[in-house]
Structure formats: C-alpha cells, structure tokens
*Asks:* 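One structure, pasted below without further comment.
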Amino acid sequence: MEEQNKPNNRLTTPHFNFNWMFAIIAIVLIALYFADGGQSVEKEVSYTKFQTYVANGYVSKVVTYSDNTLELYITSNHVKDVFGPDSNKVGHVAMLTTHVPSSDAVTTFLQQQRITRHFAGEESYAEKKDYLTAILWQILPILFFVGIWFFFMKRMGNGAGGGGSVFNVGKSKAQLFDKNGQQIKTTFKDVAGLASAKQEVEEIVEFLREPQKYTELGGKIPKGALLVGPPGTGKTLLAKAVAGEAAVPFFSLSGSDFVEMFVGVGASRVRDLFKQAKEKSPCIIFIDEIDAVGRARGKNPSMGGNDERENTLNQLLTEMDGFGTNSGIIVLAATNRMDILDKALLRAGRFDRQIHVDLPDLNERKEIFEVHLRPVKIDESVDVDLLARQTPGFSGADIANVCNEAALIAARHYKSFVEKQDFLDAVDRIVGGLEKKTKIMTVDERRTIALHEAGHASISWLLEHASPLIKVTIVPRGQALGAAWYLPEERQITTKNQMLDEICSLLGGRAAEELFTGQISSGAMNDLERVTKQVYGMIAYMGMSKELPNLCYYSNEDYSFNKPYSEKTAETIDAAARDLIAEQYERAKKLLTENKEKHNQLAGLLIEKEVIMAEDVEKIFGKRPWHSRSEEIMEESASKEKKEADNTKAGIDEAQEKKDTADTTTEENEK
Ligand code: ATP
C-alpha cells in the first residue's frame with residue numbers, strides 16, 4: 001500500500017496526561033520514605049553542652065562514631081528541658097549530635113559519670129554511617145521498579161497507538177480522512193479497469209451523498225460491501241478512491257489493528273470505532289484484510305472458549321447490526337479469503353454486497369498499463385497492446401511493478417527513454433527471476449537442460465490444449481536453469497482435456513531427458529511438484545478421475561486435522577494420481593519419440609542460440625493446426641503491427657521519392 005496519502009490527523013480526544021500521575025506517585029513514595037525518619041528534630045550541640053546534659057542525667061544512650069561524632073539520646077522526661085518550645089516537634093526519637101575530641105575521652109568521661117551515678121544508659125561505638133549510600137541503597141530498588149513500570153506502560157501505550165498511554169489501549173486505531181484533515185488524492189481515474197466493481201463502489205458514495213434519492217422510494221442504504229479478490233488486484237486502491245471521491249469522512253484501518261495482547265481490547269476498539277463513526281455520520285469505515293478478525297468462529301484449535309478474536313468478531317457483528325440502516329455508516333472491507341470468513345459476517349444486513357475484484361483481462365491490463373505508464377518516460381517503440389498481451393495472469397500490482405522495473409532497467413543502461421525491450425525484460429524478470437548468465441555449467445548439463453526445455457516446447461506445440469509457447473531459454477534465471485514462456489488461455493473454466501494436455505507438456509521435460517540422455521535429473525522437480533498438485537486437485541477436488549468420479553473433498557476449514565475421507569479412499573486417490581501421471585508421462589514419451597528429429601533439432605538450436613522464439617519452433621514443427629483465442633489475438637495484433645510498419649515504410653518511401661524528385665528538380669534548376 002502506498003504511504004504517501006497517510007494523514008496525520010489521527011483520532012485523538014483531549015485527555016489528562018497520565019505521565020504526571022506516575023510522577024506524583026513516585027514523589028509520594030520517596031516522600032513517604034523520608035517521612036519515616038523525619039519525625040526527629042536534629043540538633044547539633046557543643047561538647048561542653050553534651051557533658052552538661054550527661055551530668056544532669058538527661059541522657060539515656062550514647063553512640064560514638066569512628067569519625068569522632070557522637071549521638072546522644074535524651075530521656076523522654078527531659079525532652080522539654082533540652083528542646084524547650086521545639087519539644088513537640090521532636091517525635092519519638094529525641095536525639096542530638098556533637099563532635100568529641102576522641103572516643104577515649106568520651107569513654108573516660110562516661111565512666112566517671114557512671115561512678116557518680118549521673119549516667120546509667122547504654123554506651124556504644126560504631127563505624128561512621130554513610131547516609132548518602134544508605135539512602136541510595138534504599139531508594140535505588142524503588143527507582144528501578146518505578147522505571148520498569150514506566151517502560152512497560154509506555155510500550156503498552158504505544159502499542160495501543162495514538163494516545164501513547166496504556167489507558168488508550170482500547171481506543172480505535174482508525175485513521176480519519178475528511179475535508180478538515182489531510183485528504184486522499186486517489187480518485188476513480190487512478191483505478192483502471194474493474195468497471196463493474198467501480199460502478200458498485202461509486203454507488204456507495206452516491207448513497208451517502210444523496211440518501212433521500214433512495215430512501216424516498218423505500219430503499220434502504222446498504223450497511224456494508226465486501227471487496228473480494230486475489231492479492232494485488234486493486235481492492236485497497238478502490239477503497240482509497242472511494243475515500244478520495246466521497247465527500248464524507250472516511251475511517252481506514254486494518255483487521256489486525258483490532259488485535260492486541262490484552263483480552264477484551266479488540267471488542268473495545270470495535271465499540272470505539274463505531275462510536276466515533278456515529279459522531280461523524282454519514283461516513284465510511286474501511287477495514288482492510290478483514291480476515292484477521294473475521295475468520296469463522298469455533299474453527300481454531302485453541303481450546304479456550306473465550307477466544308479474543310471471537311469476542312472481537314462478535315462485537316463487530318453486533319455493531320454492524322446494531323445501528324439503524326439509515327444511520328449513514330457504510331462498512332467497506334477487503335479480503336483475499338472470503339472462504340474463511342464467518343457466515344454471519346457475510347449475511348445480508350451486514351455485508352449486503354460482495355464486490356468481486358478479479359485479475360484483469362486483456363483490455364483491463366491495457367488500461368492499467370496506461371495508468372502506470374503516465375509517469376514513465378517512454379519512447380514510441382512501447383506498444384501497450386503488446387505489453388497487455390505479454391502479461392496474462394498479472395495482477396494490477398504486478399503491472400505496476402513491470403512499469404517500475406522497466407524504468408529501472410532503462411536507467412541502468414543510461415537511456416533517456418524507457419523502450420519496448422526494457423518492458424519485455426522486466427516481464428521476463430518478474431516471471432522468471434534475474435538472469436544469471438555467469439552461472440557455470442558443463443557442456444553435458446547445458447545439453448540436458450536444452451533437451452528438457454525443448455521437450456516442454458515440443459509437447460506444448462503438438463498438443464491442442466497446451467498453452468501456446470512464446471519463448472524458450474536455457475539461460476538460468478532465479479532458481480530455474482532454463483525456462484519456457486507460455487501464453488495461457490484466459491479462461492473461466494478449464495476442461496479435463498485441457499488439464500491433461502497441460503500435465504503432459506509439463507512432463508515433457510523429464511520425458512525428453514529420459515529418452516535422449518538415458519538418465520533422469522533433478523531439473524524436473526519443479527515440474528513434478530506442479531503436476532502432482534494439479535493431479536491431486538483433479539482427483540480429490542474436481543472429481544475428474546475414473547475411480548472417484550464426481551466427488552469433491554475440498555474443505556475450507558483452516559485447522560482440520562482429519563481428512564474428509566477414509567484411509568481406503570486416500571489409497572484410491574494415491575493410486576489414481578499415480579496412474580494418471582504415468583499415463584500422461586507415457587503420452588509425452590510417445591509424442592517425443594514420434595517427433596524425435598524435430599525435438600533434437602530444437603534442442604540443438606537452443607544450445608546454439610540460448611533463446612528461441614515461437615517463430616523458430618514454427619519453422620521446425622510447422623504451423624500449429626489449432627488456434628486458441630489468445631493466439632488469434634496475438635496474430636491479429638501482429639498483422640496490425642505489420643500493417644502499421646508497412647504503412648510507415650510506404651510513407652517513408654513516398655517521402656524519400658518526393659525528396660528524390662525534389663533533389664532532381666533542384667539539380668535541374670541549378671543546371
Ligand atoms: P491485497 O489483497 O494484497 O492487499 P489489494 O487488492 O488490496 O491487494 P492494492 O493494494 O489495491 O491491492 O494494489 C496494489 C497496487 O497495484 C496499487 O497500489 C496499484 O499501484 C496497483 N493496482 C492494482 N490494481 C490496479 C488497477 N485496477 N488500476 C491501477 N493500479 C492498480
């Protein structure tokens with residue numbers, strides 16, 4: 001998601017800064033500590049005075065310290081005589097201090113006083129007390145714990161977002177976009193294709209702008225719309241466009257924003273979000289990746305009944321059904337996984353509308369390219385039609401990436417414009433990964449890879465339903481040692497025969513290796529993985545096998561520990577998968593043996609040229625007798641390109657002719 005449009009007007013309500021409260025608590029704690037000893041009035045007296053107090057029999061205890069200081073404790077019935085008017089402030093410890101000439105002198109003096117019975121109290125000697133250290137030792141642990149407490153409170157507060165305090169943890173983390181704050185600049189013009197989805201969301205904006213138009217006729221404004229589709233197809237973009245176009249406040253947040261480590265926080269955030277939304281109504285709430293909270297309840301393995309996520313979802317369900325239809329809050333949400341969402345969330349009255357945002361088709365890809373090519377400096381060689389044709393199965397996000405990657409490739413070569421080849425390289429890079437020309441390979445390895453790739457290319461050329469080939473290479477890319485590019489048919493349903501042909505051409509690589517090198521290699525692992533997945537899908541989910549016809553064992557439960565079929569069925573599925581793959585492998589081998597010469601010629605050409613295009617394959621195998629729709633489109637535009645090129649050439653020739661005639665005329669005139 002783009003960052004640029006983030007507003008800074010996060011929802012905050014004025015609140016008391018609780019940091020002050022913590023500081024006050026700390027000060028009170030420290031004050032209490034001091035308050036304990038603070039009862040006594042400390043007073044220093046001269047040594048002579050000390051001697052007088054002892055001689056008068058006022059002293060109950062004497063402590064002499066190593067640094068020649070002395071503490072004398074006054075008996076309670078003489079406090080008044082010593083402290084006078086201050087005596088009521090003295091508290092329960094009436095103590096005085098003095099400096100003494102030496103501890104020996106004190107001992108001698110006290111002995112004399114004992115003899116004369118003026119002193120009968122305790123007498124002791126102690127090392128000097130270091131008050132500062134003593135205080136520090138007592139305070140440090142308190143400070144330490146107060147510090148830790150502050151730290152965690154701060155962190156929890158930050159986790160809650162916004163307020164920076166633990167007391168805001170239950171507040172909603174939604175960002176608000178409205179005309180008073182920063183606004184989103186994305187509009188419907190930035191969303192290419194997706195005509196029907198766009199129309200639906202445009203209508204939602206319309207509902208909020210002119211509700212009476214609908215309510216007058218007795219219609220109710222929908223409460224929510226769910227944008228569903230594969231990643232990168234523009235769901236968030238569409239919601240952003242709604243925010244940009246709607247003249248109403250727009251709250252945006254992600255499903256995971258409800259999740260916190262404290263129990264009850266999610267539900268409280270949902271409540272807070274709807275409370276704020278009600279204040280701003282009419283408005284839109286957008287929850288991206290709603291599956292984070294909207295998963296079906298009771299389907300997770302944690303045994304605790306009081307699951308936090310479930311509470312959050314329950315609260316969301318209540319809030320969505322808790323406000324009147326005409327209160328003017330519309331909830332938009334986006335997800336890639338509608339299958340795992342709770343059914344209660346999807347029912348009419350909550351998300352009334354489900355808007356499907358699918359992968360773009362040829363024309364939509366063209367429109368998306370046009371949007372993303374706007375800021376890119378391109379030259380006239382770039383043909384948007386060709387780019388759209390070369391990118392089947394690409395999402396909007398992939399196309400945006402192609403445009404960016406092409407610009408980077410062009411910049412790397414110090415070009416002043418991005419050319420057609422840069423775009424084609426970008427597509428290849430995105431599909432296959434980075435080219436690794438420097439990877440060291442032995443001659444044998446190169447031959448094996450060439451035979452393998454030629455195997456794929458030959459079979460896909462020879463089978464009616466296999467995707468038509470665009471190009472084959474033995475230059476390593478990403479993790480792959482070689483690659484073949486196809487133009488997959490853009491179909492809504494796939495027949496069993498089409499699947500079998502695809503499987504056969506995927507197995508063509510391994511079959512070619514076995515037939516023409518006599519060995520099999522690790523190079524086919526990726527193909528085999530895809531084949532195995534596809535075959536198991538055909539048998540267990542699509543009911544396409546002879547053994548288990550018309551049965552679907554698909555389960556959308558996330559944590560199902562049990563297979564929805566018996567052990568015996570599992571064995572049947574395994575056996576059927578093995579048979580089907582073996583059958584297609586034999587078919588691939590048969591086809592390759594029948595076309596051995598042509599295949600080997602193709603492999604030879606690959607070793608020589610490293611990259612070969614569909615035209616080269618056509619030269620060897622002849623024209624394909626079947627025509628897929630995508631091939632037709634390719635041919636149509638190729639002939640269009642040729643025509644345009646011829647026209648341009650004719651134009652140039654004509655201009656040249658004119659120029660020649662002009663030159664001759666000038667020459668003649670000169671003569
Ligand atoms: P996810 O489900 O993974 O969150 P998404 O469907 O929300 O994906 P977006 O974030 O909307 O996908 O799209 C990513 C980027 O792809 C956009 O920022 C935009 O650049 C580009 N894009 C996708 N679809 C379109 C489109 N129809 N028109 C123009 N650009 C598009």
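All ligand and atom numbering here is 1-based and tracks the order in the structure. Heavy-atom basis, side chains included; hydrogens, waters and symmetry copies ignored.
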*Asks:* Mind checking whether Glu364 contacts ligand 1 via backbone (N, CA, C, O), side chain (CB onward), both or neither, at a 4.0 Å heavy-atom cut-off?
*Replies:* neither

*Asks:* Please list, in number order, the atoms of ligand 1 under 4.0 Å from a heavy atom of Leu194.
*Replies:*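 It comes down to these atoms of ligand 1: 27 (N).
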
*Asks:* Under 4.0 Å, heavy atoms only, figure out whether ligand 1 is touched by the backbone of Ile399, its side chain, both or neither.
*Replies:* neither

*Asks:* Could you pull out the closest heavy-atom pair between Val382 and Val418, with the gap in Å?
*Replies:* CG2-O, 3.5 Å

*Asks:* Should one rank Glu289, Lys198, Lys235 by closest heavy-atom distance to atom 4 (O) of ligand 1, which comes out on top?
*Replies:*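 Closest candidate by heavy-atom distance is Glu289.
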
*Asks:* Between Asn336 and ligand 1, find which residue part has any heavy-atom pair under 4.0 Å and reply side chain, backbone, both or neither.
*Replies:* side chain

*Asks:* Heavy atoms only: which of Thr233, Asp190, Thr186, Leu238 lies closest to atom 29 (C) of ligand 1?
*Replies:* Asp190

*Asks:* Who pairs with Phe188 by ring-ring contact (aromatic ring centres under 6.0 Å, His included), at least two apart in sequence or on another chain?
*Replies:* none

*Asks:* Can you list the steps and then say if His456 with Asp527 is a side-chain hydrogen bond (donor to acceptor under 3.5 Å, both in side chains)?
*Replies:* CA-CA 10 Å; His456 288 309; Asp527 302 331; 3.0 Å; yes

*Asks:* Considering non-hydrogen atoms only, spot the tightest contact between Ala333 and Phe351 and give its length.
*Replies:* CB-CZ, 3.6 Å

*Asks:* Between ligand 1 and Ile368, is the shortest N or O to N or O distance under 3.5 Å?
*Replies:*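 No; every N/O pair is 3.5 Å or more apart.
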
*Asks:* Just checking Tyr214 against Phe207, ring centres under 6.0 Å apart?
*Replies:*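 When the ring centroids of Tyr214 and Phe207 are compared, they turn out to be within the sub-6.0 Å range.
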
*Asks:* Counting both backbone and side chain atoms, is some N or O of Pro231 under 3.5 Å from an N or O of ligand 1?
*Replies:*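 Between Pro231 and ligand 1 (N or O atoms, distance only) the closest approach is not under 3.5 Å.
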
*Asks:* Compute whether any side-chain donor of one residue and acceptor of the other, for Gln315 and Asn311, lie under 3.5 angstrom apart.
*Replies:* no

*Asks:* Going by the atom numbers of ligand 1, which of them fall below 4.0 Å from some non-hydrogen atom of Leu237?
*Replies:*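 Listed by number with element, the hits are 11 (O), 25 (C), 26 (C), 28 (N), 29 (C), 30 (N), 31 (C).
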
*Asks:* Between Gly232 and ligand 1, does any nitrogen or oxygen pair lie at a separation below 3.5 Å?
*Replies:* yes

*Asks:* Should Ala397 be counted as touching ligand 1, given the test is an N or O pair under 3.5 Å?
*Replies:*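 So ligand 1 has an N or O lying under 3.5 Å from an N or O of Ala397.
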
*Asks:* For Tyr565, give me all partners under ring-ring contact (aromatic ring centres under 6.0 Å, His included), at least two apart in sequence or on another chain.
*Replies:*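 Tyr565: ring-ring contact (aromatic ring centres under 6.0 Å, His included) contacts with Tyr553.
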
*Asks:* For ligand 1, does Thr236 get within less than 4.0 Å through its side chain, its backbone, both, or neither, judged by non-hydrogen atoms?
*Replies:*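 The part of Thr236 near ligand 1 is both the backbone and the side chain.
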
*Asks:* For Asp257 and Arg269, work out which heavy atoms get closest and say how close.
*Replies:* O-NH1, 2.6 Å

*Asks:* Ligand 1 and Ala192, any nitrogen or oxygen pair closer than 3.5 angstrom?
*Replies:*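 Such a contact does occur with ligand 1.
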
*Asks:* Any idea which heavy atoms bring Ala540 and Ile573 closest together, and the distance?
*Replies:* CB-CD1, 4.1 Å

